[in-house]
Amino acid sequence: MKRAFISADKDVWIQVISKKSAVIVKIHEKDLPDEKNNLTVISGDMFDYFREFIKEAAEHAWGNLKPKEASSLGADYYEYYDKELDNNGYLSIKGKEIHFERPQKDHRRVYKFNKRKMESFLFDLEKLREGKRNG
């Protein structure tokens, strides 16, 4: 298992956890904000650190990833269905910011990547790094 803590906005820390066949993003247990669902990962150095760690975590989880453009709704990372929480979570890239909306505001889980959603997310992060994507 690989794990990193990353500073997000409003003094909230998130954890990125790599397990076999999944990468999970969670709010650190003592930082669960009460007032809203949205969580934005800080731009700048934290954005760059998140981008590099999420690639490492994905390689740890799957090993044979091939970043590629989303070609179906199932591959598009924008929306994911959290089976355990019976609700949708959302993820978007806006410039050098990553915006998450948790499936439930009283739960720590922010997002759970499957392999195909991770491939399309990494594809967009790489295009952004290369300056080929406008957020």
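Atom CZ of residue Phe50 and atom CD1 of residue Ile14 lie 5.5 Å apart, to the nearest 0.5 angstrom.
Residues forming a side chain to side chain contact (heavy atoms under 4.5 Å, CB included) with Lys55 (at least two apart in sequence, or on another chain): Glu52, Leu122, Glu126. When the ring-ring contact (aromatic ring centres under 6.0 Å, His included) test is applied to Tyr78, the partners found at least two apart in sequence or on another chain are Tyr90. For Tyr49, there are no side chain to side chain donor-acceptor pair (under 3.5 Å) partners at least two apart in sequence or on another chain. Every side chain to side chain contact (heavy atoms under 4.5 Å, CB included) that Tyr80 has, sequence neighbours left out, goes to Asp82, Pro103, Arg109, Tyr111, Lys112, Lys117. Taking the side chain to side chain contact (heavy atoms under 4.5 Å, CB included) definition, one finds that Asn64 meets it with Trp62, Lys115, sequence neighbours left out. A search for salt bridge (Lys or Arg N to Asp or Glu O under 4.0 Å) contacts involving Glu56 returns Lys2, not counting sequence neighbours. For Lys19, there are no salt bridge (Lys or Arg N to Asp or Glu O under 4.0 Å) partners at least two apart in sequence or on another chain. Remark: Arg116 engages no residue in a side chain to side chain donor-acceptor pair (under 3.5 Å) (not counting sequence neighbours). Legend: residues meeting ring-ring contact (aromatic ring centres under 6.0 Å, His included) with Phe53, ordered by chain and number and at least two apart, are absent. For Asn88, the side chain to side chain donor-acceptor pair (under 3.5 Å) partners are Glu79, not counting sequence neighbours. Every residue meeting the side chain to side chain contact (heavy atoms under 4.5 Å, CB included) condition with Ala61, not counting sequence neighbours, appears here in chain and number order: Ser18, Val23.
Taking the side chain as every heavy atom from C-beta outward, Arg3 and Gln15 approach each other to under 4.5 Å.
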**Message:** Working note: Glu101 + His99, criterion side chain to side chain donor-acceptor pair (under 3.5 Å); need CA distance, chi angles, decisive distance, verdict.
**Reply:** CA-CA 7 Å; Glu101 186 175 331; His99 295 255; over 6 Å; no
**Message:** Under the criterion side chain to side chain donor-acceptor pair (under 3.5 Å), I'd like the reasoning laid out for Asp124 against Tyr77: C-alpha separation, chi angles, the key distance, then a yes or no.
**Reply:** CA-CA 10 Å; Asp124 283 353; Tyr77 58 83; 2.7 Å; yes
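For Arg51 and Asp48, the salt-bridge test passes: some basic side-chain N is under 4.0 Å from an acidic carboxylate O.
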